[in-house]
> 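Got a structure here, written out as structure tokens. Questions coming.
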Amino acid sequence: MKRFAVSLGIVGLVLNVVGGLSALFGVYLIAFKEGVEMFGWGDARTFGYVFLCVGLCFVFGGVLLASYLRQN
């Protein structure tokens, strides 16, 4: 059981790091890349909002996972 908890802790840490980087990249796209077309898919600012929201969700999930593991 302890090995499972350690692996879940690593997953929580990875979620926090990936979510934080994604959120920061989203803020960068929103602030500095307005009007830039990305790969023919749409405006960079729109992708910035997506990266920001998904990144914050990942961070929130990592924090929930870490607090759950801390309880047990």
Side-chain angles (χ1 to χ4, degrees):
M1 188 67 177
K2 186 170 176 100
R3 194 173 269 183
F4 181 68
V6 169
S7 63
L8 277 180
I10 291 172
V11 168
L13 181 65
V14 167
L15 276 176
N16 276 326
V17 170
V18 169
L21 290 175
S22 176
L24 287 175
F25 183 63
V27 169
Y28 167 74
L29 288 177
I30 293 168
F32 298 116
K33 295 295 183 179
E34 182 178 355
V36 175
E37 186 74 22
M38 288 190 65
F39 312 116
W41 292 345
D43 190 31
R45 192 170 184 183
T46 305
F47 281 101
Y49 284 116
V50 170
F51 277 109
L52 178 66
C53 293
V54 170
L56 290 178
C57 288
F58 277 2
V59 168
F60 183 68
V63 168
L64 282 178
L65 189 60
S67 68
Y68 171 72
L69 291 173
R70 181 88 172 149
Q71 294 286 331
N72 292 334

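Both backbone and side-chain heavy atoms feed into the values below; hydrogens, waters and symmetry mates do not.
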> Test question: given the 4.5 Å side-chain rule for I, L, V, M, F, W and Y, name all other residues clustered with Leu24, or answer none.
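Hydrophobic cluster check, Leu24: no partners found.
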> Hey, can you pull the donor-acceptor pairs under 3.5 Å for the side chains in residues 27-44, sequence neighbours left out?
| unit_1 | atom_1 | unit_2 | atom_2 | d |
| --- | --- | --- | --- | --- |
| Glu34 | OE2 | Arg45 | NH1 | 3.3 |
| Glu37 | OE2 | Gly42 | N | 3.3 |
| Asp43 | OD1 | Gly35 | N | 3.1 |
| Asp43 | OD1 | Val36 | N | 3.4 |

> Which donor-acceptor pairs under 3.5 Å do the side chains of residues 5-20 make with protein atoms, sequence neighbours left out?
| unit_1 | atom_1 | unit_2 | atom_2 | d |
| --- | --- | --- | --- | --- |
| Ser7 | OG | Arg3 | O | 3.4 |
| Ser7 | OG | Phe4 | O | 2.7 |
| Asn16 | ND2 | Gly12 | O | 3.4 |

> Under the salt bridge (charged side-chain N to carboxylate O under 4.0 Å, His left out) definition, can you give me all pairs with a residue in residues 13-26, not counting sequence neighbours?
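The answer is none; no pair qualifies.
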> Can you give each donor-acceptor pair under 3.5 Å made by side-chain atoms of residues 49-63, sequence neighbours left out, with the distance rounded to 0.1 Å?
none

> Does any pair with a residue in residues 58-72 pass salt bridge (charged side-chain N to carboxylate O under 4.0 Å, His left out), and if so which ones, sequence neighbours excluded?
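Those involving residues 58-72 do not exist here.
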